[in-house]
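Convention: sequence-line order gives letters A, B, ...; per-chain numbering from 1.
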Amino acid sequence: MPDWDRVRVQTAAQQLRLASDPRRIRQGHGLRMGQGPGSSLEFHDYRQYVTGDDLRMIDWGVYARSDQLVLRRHRQEISPRIEVILDASASMQISEDKWSLAAGIAALLLELAVHDGARPLLWLCQDYARRGNPQHWQEDLHNVTANGQHGLRCQLSELNPGSERFLISDGLYPEGGDHLLRRLGAGSGRISLIQILTAAERSPSPDWGNVRLIDVEGGQRNIIVDEEACVAYRQRLARLQAAWQQALNGRGAGLITCDAELGLDGAIRVLLRSGILTPGAAS
Amino acid sequence: MIIGNLWGLLGLLSIPAIIILHVYRQRFQPRQTSALFLFGPEQLNQASGRTRERLRRTGSLIAELLCALALTWFLCDPHVDDHQEARHLICVLDGHLRLQARDETGRSAQDRARQTLLNQFDQMQSHDRITLIQSGQQPSLLTASAVSLPQAKLALDAWTCQAGWHPLRDSFAMASDLQAASEHAQVIILSDQQRSDIPDDWQCLSFGLAQRNSGLIDVRWFNDQDGQRLNLRLYRHDDRTQRSIDIHDKNGKHILSHTLDQRDGVQRHLIRLPEQTPPELQLQLSGQDHLSFDDSCTLIKPPRQMIRVTVSEGCLRRTAIIRALEATRQVRMVDRAAHVQITDTVAPNKLPDPGTWRIHLQARQGDAVIGPFLARSGHPLLQDVDFTGCLWSGTSPTLPVHQQSLLQASSNCLISEQRQQGTILQHWYLDLEKSTLHRHPAWPSLFANLVQWRLAYIPGLQYYQLSSAMTNRLVLPPGNDSVWLHYPNDERQQISADLRGIIELPRMRDAGIYRLSLNSDPEQIWQEFIVHRLHQRSSDLSLCSTETPPLEDATAGKVQRIRTRIEHMTPLALALLAALTAWFCYRNEQGILR
């Protein structure tokens, strides 16, 4: 069971907010002000009157002053859907820090979504995808164990179209991001991958020497890890990350990499820099 | 500290070997990863040959070194309080019953010998070694070879003088072998007589006394045509007292007494027993002397041994045949179930009944011949039979198939024999009308040999009373191939017979009544025999003497150290524990590292 800093999450949720997605499908009435014109009471802008427009929207004060017929437009009210897809494969629990950070980030995003008036939804991907209870996502998050073999490869057939999706994973899949995003990103609004890596995953140490590497998700091999091997590893990792970035390009914040050792505070700084989070409380 | 086995130090060579193995051991430390695919396959290429790695002080290395040290300890046997060289005393203890002879003070020769030996032990060093050999029909070691003084003192209590007469050469041979295997071992003999047949470097301590004694040396119970009698042999030495043999039944009821002569030496007495004699008798020599075991004896009544003979009606010279058989006084003429059947009418090759031998008389067309004849050497039928001047007619010119010729005259066969299925079929090619055999001295000899020969194959024992130095012979009834022997101490053993149904019983070490049964049930006794330890040499105390010269100082020699059980097991247990620890550590090192 992941152990994240609940107090820190609560505190951060008071100080931060999710950056809104200008491409979210308008769901009608909601608690958030959209970027476009709508039917809220908040003034948005003026528009020249065109035959057929609603006469009740004409600003008669402007007409009295300027003899010009203009329409008064108000801001839209939106009700966004936030889906947090947490990778609960075995690789996520290769270290306690990594799994705790993943759960902490998921909890933070879900908490911010609640504060924002969005409808959060938690997906847990172990050997199969399980949708968490929207009202009891904290309990679901607390009870999950990272022991799956499939992770993000699971079939998620009930994703909400137009939702903003956050993938929390280490992204270490040989098939690459493009293949996975075809399923995970289908019909989504914004989608981002928050990649959590340990120091050993970012760069193995040439001091390892002769090791028998045992993949937590299956497979093992005897390998000599020296400087040359580390360089080759980092190159392959960079290519993998580049593939993810390319697949996510234009669909949201893209690939955001967090160091597991830096904890939740470090991850928040990275998420702020990436634009997923913005300072300030939710309106 | 003494190293018991210097060669064991070679075990220390394993230590550098273990260190080298650990230095050059190619270890692949297990490590978990979440992205094995990011480590490309080219990382499998390793440098050819093994490379040297820094020696790590791992648990498996330390445990393996400890295991090597423990095994080296076991192999080289270091010890502190023992000696590599010590005096080794080999004692041959005479086990004859004769050593129970008591002197005026009531002490036996064995008691005096035991005390002398214990005194000798007290004068020896604590690290000296002792080996005790007890003589007997089969000499035995009372202790292991070269034990410590405390162990020898304990084992000396097990020394018993219960054996009948036996030669001491087997015990001497055992002592000689032990002396040859041990440097500078000293051999002493403890007996009641001085020995002249020992090597010069051995010493003999004798504790006997040449005393007067009378004792039974052999007793036999016989059945003959006149009834039952005891054939008694007695030895008297310097004993002029009036003594007699008292015979009782097993309940103590007196049957008769027989007065003995007072002359020295071996006496023979023939005692007639009354008709209604019980099956078990106790003989007791009246009076007291220094040796009591030879003053009494138990006897078992032997069965009367007779053979049953059938001579067919109408057999030529039947009367002469019967007269010759009955002259042996061990034949009973019967109509059936005979041991021997003499006939001239049954078909020649028809087999007799099981357990019946047949003599078939038939005349053939061969030449008439006059003795002497050519006899098969050693055959019991023809033992000491002289056919000189005997006219033999009716011989067989040819020897029939499957038969062996026993008596031959040129090419003519006179007597042939056929053995089949445990029985004997003899053919006497004899025309009694034309022969003079029935009037020749060979005629009764022939039948006497036949009777004695057949008696030897009657089911039963050869001896019903015998000494512990004698073997015995047992013939099983037809249809039985094994017998159960029940010892006096209630042990039992199954013994199988040979193809003839005969068992040669070995010498019995213990005196007492032995019982034989044809099945494992000890209640269904078939035969009994009794073993006693009587012997002239066991009763003759005239050669006993007391000579206890001081023991020569013997030089110390190398002795084989005998480790106690704890000394044996401790290093082995430590080695095993260290080996297990090394294994577990190795497995742990090969386990998952995070």
Side-chain angles (χ1 to χ4, degrees), chain A residues 87 89-99 146 149 151 169-176 195-198 200-241 260, chain B residues 14-65 67-68 579-594:
Chain A
D87 181 358
S89 61
S91 63
M92 292 299 293
Q93 204 165 6
I94 198 167
S95 75
E96 284 299 320
D97 291 340
K98 181 179 178 180
W99 183 232
Q149 294 296 315
S169 172
D170 52 16
L172 299 175
Y173 291 89
E175 58 269 40
Q195 184 185 42
I196 303 172
L197 295 176
T198 63
E201 287 171 335
R202 288 194 303 278
S203 176
S205 169
D207 293 338
W208 288 3
N210 298 348
V211 288
R212 184 167 78 245
L213 291 176
I214 304 169
D215 197 315
V216 292
E217 294 176 7
Q220 59 178 321
R221 210 187 315 160
N222 289 343
I223 284 177
I224 299 175
V225 178
D226 52 11
E227 190 60 48
E228 187 181 336
C230 293
V231 169
Y233 177 93
R234 287 192 290 271
Q235 289 173 351
R236 290 193 187 91
L237 179 61
R239 284 197 291 271
L240 181 70
Q241 290 175 319
Chain B
S14 62
I15 292 176
I18 291 170
I19 292 173
I20 290 171
L21 282 172
H22 276 256
V23 167
Y24 283 94
R25 179 171 141 191
Q26 206 153 35
R27 299 167 190 261
F28 287 93
Q29 297 293 335
R31 180 174 279 271
Q32 272 190 328
T33 182
S34 52
L36 184 63
F37 65 96
L38 293 179
F39 294 90
E42 62 272 15
Q43 301 311 315
L44 279 176
N45 294 334
Q46 302 171 18
S48 59
R50 292 184 179 269
T51 57
R52 199 171 57 205
E53 296 190 22
R54 182 176 60 88
L55 181 66
R56 302 176 202 172
R57 280 193 292 274
T58 58
S60 63
L61 171 65
I62 294 171
E64 287 167 18
L65 291 175
C67 181
L580 284 173
T581 305
W583 182 73
F584 278 115
C585 289
Y586 175 77
R587 287 291 303 267
N588 192 43
E589 289 160 17
Q590 294 296 311
I592 295 173
L593 294 180
R594 293 186 179 274

Subject >> Side chain, backbone, both or neither of A:Gln235 within contact of chain B (heavy atoms, under 4.5 Å) >> reply: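 Answer is neither: A:Gln235 stays 4.5 Å or more from chain B.
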
**Report entry** A:Glu201, part contacting chain B, at a heavy-atom distance under 4.5 Å
**Finding:**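 Just the side chain, heavy atoms under 4.5 Å.
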
Check your understanding: Which heavy atom in B:Leu36 sits nearest to a heavy atom in A:Gln220, and how many Å separate them?
Key ->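 Closest heavy-atom pair between B:Leu36 and A:Gln220: CD2-N, 3.8 Å.
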
Which atom of A:Arg236 lies closest to which atom of B:Leu38, heavy atoms considered: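 Result for this residue pair: NH1-O, 3.1 Å.
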
task = Report the option among A:Thr198, A:Val216, A:Asp170, A:Leu213 that has the most heavy-atom pairs separated by less than 4.5 Å from atoms of chain B.
result =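 So the answer, after comparing A:Thr198, A:Val216, A:Asp170, A:Leu213, is A:Leu213.
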
*With a 4.5 Å limit on heavy-atom distance, are the side chains of B:Arg31 and A:Pro204 in contact?*
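No; the side chains remain at least 4.5 Å from each other.
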
Exercise for review: Output all residues satisfying ring-ring contact (aromatic ring centres under 6.0 Å, His included) with A:Tyr233, sequence neighbours left out; order by chain, then residue number.
Suggested key: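 For A:Tyr233 the ring-ring contact (aromatic ring centres under 6.0 Å, His included) partners, ignoring immediate neighbours, are B:Phe39.
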
All side-chain contact (heavy atoms from CB on, under 4.5 Å) counterparts of B:Phe37, not counting sequence neighbours
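Applying side-chain contact (heavy atoms from CB on, under 4.5 Å) to B:Phe37 gives A:Leu172, A:Pro174, A:Leu240, B:Ala35.
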
